[in-house]
Amino acid sequence: MSSLAGPLLAWYDAHRRDLPWRRTSDPWAILVSEVMLQQTRVEVVEEYWRRFLARFDRPAALAAADDEELLQHWAGLGYYRRARFLKAAAAAVVERHGGRFPADFDALLALPGVGRYTAGAVASIAFGLPRPVVDGNVARVLSRLFLVEGDPTRGATARRLWQLAEEHLDRERPGDFNQAVMELGAVVCRPKSPRCEDCPISGACRARRDGVIDRFPTPKARRAPVDVRVAAAVLRRADEVGLVRRDASARMAGLLDLPALELAPRTDAPRRLSEWLRATFDVSVPRLSRVGTARHGITHHRIEVEVYEAELAPGTEASPPRGDLAAAAPRRIAAAPDADGLRWFRCEDLPGLGLSALGRKILAAAADA
DNA sequence: AAGACGGGGAC
DNA sequence: GTCCCAGTCTT
């Protein structure tokens with residue numbers, strides 16, 4: 001019925017990128033790639049995927065790992081809940097399926113963190129099952145091909161796109177077909193300045209025919225970003241730096257971070273930070289010097305971090321956090337230490353330790369000073 | 001149906 | 001600076 005699959009598969013066979021997870025048929029390795037690729041670019045994922053699979057080569061290996069090591073391998077990727085779901089999925093594969101992945105869409109869909117897209121991707125790519133996928137790439141390609149209006153991720157528009165993907169799926173090579181459409185969206189049918197001259201199915205594209213490529217897909221409504229002001233402390237003790245582990249209820253839960261505090265407008269930052277460090281960790285920091293500024297964006301927040309540094313006397317210790325940490329300060333972003341409080345880490349051990357990207361930027365700002 | 005959830009690469 | 005990515009879960 002569809003005249004799309006032929007040209008698409010031929011194009012894919014000739015032009016597909018040599019991505020590491022395309023060299024395996026191991027469903028575990030493919031699941032890890034798909035979860036990492038959720039809302040995350042291919043170029044970013046490659047190195048994480050290699051390192052993760054080298055350490056957790058089978059579901060049982062991840063299921064047995066502790067959360068700290070898991071986060072160390074995920075730090076910097078974002079959407080950290082994915083990592084916990086992936087561990088839970090690995091445990092479920094061990095418990096429900098004896099450590100072997102089920103060649104069954106519904107069983108895959110039942111795994112934690114595996115939704116309609118990921119279940120379809122693993123089913124089609126690892127097991128050759130005829131299941132469609134719709135991700136951002138597929139949504140863009142199909143919305144342009146068939147003039148599908150509306151937010152591709154919601155309601156009737158999403159249903160229409162999944163229906164189109166199902167209708168046009170190649171039943172002989174579902175995994176390659178799905179990857180071909182995604183590849184086309186990533187490389188040719190790009191959000192901006194699409195390369196229609198290089199598109200194997202441009203003749204079938206209604207948006208191109210009508211000269212309205214730039215109006216598809218319909219842009220999503222956006223919220224204005226919220227500005228957040230933060231003061232962070234780089235506390236040094238000889239060759240060590242004081243870090244906190246972020247609380248399980250906070251954003252970036254479980255990652256290491258600099259002790260930091262969200263500031264109300266017109267706050268005397270160093271004084272407030274110093275008082276908070278004393279009240280929370282019982283560390284006395286007489287002199288905080290401003291050493292720089294770090295900027296960071298987190299889902300509709302713009303964060304500006306004033307970075308302060310202090311050299312503490314050798315032997316300085318900290319008490320476990322006191323009081324109600326959640327009530328102590330606003331903590332949309334900062335002020336989220338867990339009950340272990342301030343801990344000392346050798347600076348040379350920091351890389352690979354599970355520091356948040358925000359934390360890395362704060363240390364970089366301090367190092368520039 | 002809408003909101004929460006990171007980070008960075010490309011323009 | 002802005003956009004948006006091989007999405008999923010929760011409310």
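Reminder, nothing fancy here: chain letters follow the sequence lines and each chain counts from 1.
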Of all the choices, [options], which nucleotide is nearest to the side chain of [X] once you look at every atom?
X	options	value
Ile298(A)	dG8(B), dC5(B), dG7(B)	dG7(B)
Arg223(A)	dA6(C), dA4(B), dC5(C)	dA4(B)
Val44(A)	dG6(B), dG8(B), dA6(C)	dG8(B)
Val42(A)	dA6(C), dT8(C), dG7(B)	dA6(C)
Arg22(A)	dA6(C), dG7(B), dG6(B)	dA6(C)

Measure from [atom1] on [X] to [atom2] on [N] and round the result to the nearest Å.
X	N	atom1	atom2	result
Tyr48(A)	dG6(B)	OH	P	13 Å
Ile333(A)	dG6(B)	CD1	P	9 Å
His301(A)	dA4(B)	NE2	P	8 Å
Asp151(A)	dC4(C)	CG	P	11 Å

List in numerical order all residues of [range] for which some heavy atom is under 4.0 Å away from an atom belonging to DNA chain C.
range	value
residues 180-200 of chain A	Met182(A), Lys192(A)
residues 101-132 of chain A	Pro112(A), Gly113(A), Val114(A), Gly115(A), Arg116(A), Tyr117(A), Thr118(A)
residues 135-145 of chain A	Asp135(A), Gly136(A), Asn137(A), Arg140(A)

Does Gly155(A) or Gln38(A) map to a spot on DNA chain B nearer the 5' end, using the closest nucleotide for each?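 In this pair, the answer is Gly155(A).
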
Between Thr218(A) and Gly150(A) (side chain of the first, backbone of the second, donor and acceptor by atom type, cut-off under 3.5 Å), is there such a pair?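 Checked: pair present.
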
Is Arg246(A) reaching over with its side chain to a backbone N or O of Leu255(A), donor-acceptor style, under 3.5 angstrom?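 It does not hold such a pair.
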
Looking only at side chains, do Gln38(A) and Tyr117(A) share a donor and an acceptor under 3.5 Å apart?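 Not at all, the side chains of Gln38(A) and Tyr117(A) share no donor-acceptor pair under 3.5 Å.
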
Pairing donors with acceptors under 3.5 angstrom, does anything connect the side chains of Gln39(A) and Arg82(A)?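 Gln39(A) vs Arg82(A): no donor-acceptor pair found between side chains.
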
Could you work out, with salt bridge (Lys or Arg N to Asp or Glu O under 4.0 Å) as the rule, every residue matching Asp151(A), not counting sequence neighbours?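 Partners of Asp151(A) under the salt bridge (Lys or Arg N to Asp or Glu O under 4.0 Å) test: Arg154(A).
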
With Glu262(A), the salt bridge (charged side-chain N to carboxylate O under 4.0 Å, His left out) member among Arg229(A), Arg332(A), Arg272(A):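 So the option named by the test is Arg332(A).
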
Would you call [X]-[Y] a salt bridge at under 4.0 Å N-O?
X	Y	result
Arg215(A)	Asp210(A)	no
Arg208(A)	Glu197(A)	no
Glu183(A)	Arg22(A)	yes

Intermediate values then yes/no, side chain to side chain contact (heavy atoms under 4.5 Å, CB included), Leu37(A) and Trp21(A): CA-CA 11 Å; Leu37(A) 286 162; Trp21(A) 45 87; 3.9 Å; yes

Starting at CD of Glu240(A), measure out to CZ of Arg346(A) and round the result to the nearest 0.5 Å.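 Output value for this atom pair is 7.0 Å.
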
Would you kindly compare Trp162(A) and Arg295(A) by the position of their nearest DNA chain C nucleotide and give the one closer to the 5′ end?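 It is Arg295(A), whose closest nucleotide lies nearer the 5' terminus.
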
Where along residues 66-96 of chain A does a heavy atom come under 4.0 Å from DNA chain B, residue by residue in number order?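 Correct list: Gly76(A), Leu77(A), Gly78(A), Tyr79(A), Tyr80(A), Arg81(A).
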
Parallel, tilted or perpendicular: which fits the ring planes of Trp28(A) and Phe52(A), with parallel below 30° and perpendicular above 60°?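 Trp28(A) and Phe52(A): tilted rings.
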
Can you list, pair by pair, the side-chain donor-acceptor contacts under 3.5 Å of residues 158-166 of chain A, counting residues two or more places apart and other chains?
| residue | atom | partner | partner atom | Å |
| --- | --- | --- | --- | --- |
| Gln163(A) | NE2 | Glu167(A) | OE2 | 3.0 |
| Glu166(A) | OE2 | Arg171(A) | NH1 | 3.4 |

Using a cut-off of less than 4.0 Å, is there contact between a side-chain N or O of [X] and OP1 or OP2 of [N]?
X	N	value
Arg251(A)	dC5(B)	yes
Gln39(A)	dG7(C)	yes
His296(A)	dG7(B)	yes

With heavy atoms under 4.0 Å as the rule, sort Arg154(A) into base, sugar-phosphate or nothing.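 Counting heavy atoms under 4.0 Å across all strands, the contact made by Arg154(A) includes a base.
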
Quick one: label Met36(A) by what it contacts on the DNA or RNA (base, sugar-phosphate, nothing), any heavy atom closer than 4.0 Å.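 Counting heavy atoms under 4.0 Å across all strands, no contact is made by Met36(A).
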
Non-hydrogen side-chain atoms of Ile213(A) and Cys205(A) separated by less than 4.5 Å: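 Counting from C-beta outward, Ile213(A) and Cys205(A) do come under 4.5 Å.
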
If hydrophobic clusters are built from ILVMFWY residues whose side chains come within less than 4.5 Å, do Leu355(A) and Leu70(A) share one?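 Same hydrophobic cluster.
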
